[in-house]
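Here the structure is laid out as structure tokens; the discussion comes afterwards.
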Amino acid sequence: MSRTIAFIGLGIMGLPMAKNLVTAGFTVRGFNRTPAKAAELEKAGGQAAGTIAEAVDGADVIITMVPDSPDVEDVLTGEEGILAHAKSGAYWIDNSTIRPDVAKNLSAQAAQKGLKPLDAPVSGGEAGAINGALSIMVGGDRGDFDAVSDVFDAVGKTIVLVGPAGSGQTVKAANQLIVAGNIELLAEAVVFLEAYGVETDSALQVLGGGLAGSKVLDQKGQKMLDRSFDPGFRLELHHKDMGIVTAAAREAGVSIPLGSAVAQLVASTVQQGNGGLDHSGLFTVVEQLSGKNQS
Ligand code: NAP
């Protein structure tokens, strides 16, 4: 008999991940705060649950994919949340990106209630979610990790246990630092190239073949050239993540000067009303800094 998975949060990432779990043969019961998205899962062969209680009732594995630490806290510990309704022994995989200290704390609460928690944030964007090709950085117990490897395999390609509870979120914070820094420098390079009237398509092509090449350049370069910033990964979520990494670095006594500067630029873009753009929309603020506001 196939295992039943409760999937909570069917947004840009959650819906395609849940669909891939259906394709892999799991019974998937999805809950979304706005019900229309759960109906989309139904069309793909999953089941739509009207409440979290209904979704997690008897489920073997519970996955959460919601925006921020307070959201995961609500969904887990709220009166009608997971802890109130999940069966003892169920695995709880949190794919959301949240604060490492909160992840550690919530894992302890879940374990106390008899659940098997894994913090498992992902990287790879909407395309990675659609293609089942996510990188997944997992914190938790080795035995629990091994027991749900088939679930991870259905949604990801590079899946690594990086340490005990909370470690997955620490690695994800480093991931977001690296990605934001890359986007910022790519945006600066594009504004620079345009100022010199260089053929930017050709420029990005040759840059992509050398040491300056990166997945960020491959996936975000054309979006900047086209001023096409449909999300993808919303800037307001990256703003949340820069808050996570700057706070965690400060807590650890680690200085991240460039990361902090980029965090300010991301914050400024969001404050200007552009938080709904893809994170490549950081470009808009880089343009403004040079008085070249074409976007
Ligand atoms: P999203 O499209 O905004 O989806 C978030 C989902 O969570 C929506 O279904 C939303 O329901 C639900 N939700 C929000 N607050 C909730 C609450 N308090 N209680 C219950 N449900 C709630 O976001 P996303 O892009 O999928 O991102 C989800 C997580 O993955 C975030 O932590 C993000 O940082 C991370 N992530 C995103 C990407 C990416 O490229 N997008 C890549 C890697 C990691 P409604 O439909 O009702 O709003």
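Side chains included, hydrogens not; waters and symmetry mates left out as well; all remaining heavy atoms used. Atoms within each ligand, like the ligands themselves, are counted from 1 in listed order.
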Item to complete: Identify, with sequence neighbours excluded, every residue that meets salt bridge (Lys or Arg N to Asp or Glu O under 4.0 Å) alongside K87.
Response: D60

Worksheet item: Mind checking what residues have non-hydrogen atoms under 4.0 angstrom from ligand 1?
Response: G9, L10, G11, I12, M13, N32, R33, T34, K37, M65, V66, P67, D71, V75, S96, T97, V122, G125, E126, K172, G232, F233, R234, L237, K240

Discussion item. Side-chain heavy atoms nearer than 4.5 Å, only ILVMFWY residues, links allowed to pass through others: does that put M224 and V198 together?
Written reply: yes

Discussion item. Using 0.5 Å steps for rounding, measure from the OG atom of S167 to the CE atom of M137.
Written reply: 12.5 Å

Practice prompt. Might you confirm whether atom CD of Q112 has over 12 heavy atoms from other residues, nucleotides or ligands at distances under 6.0 Å?
Written response: no

Discussion item. Test of understanding: with side chain to side chain contact (heavy atoms under 4.5 Å, CB included), list the residues that count as partners of V22, not counting sequence neighbours.
Written reply: V28, L41

Fill in: Residues forming a ring pair (Phe, Tyr, Trp, His ring centres under 6.0 Å) with F233, sequence neighbours excluded
H238, H279

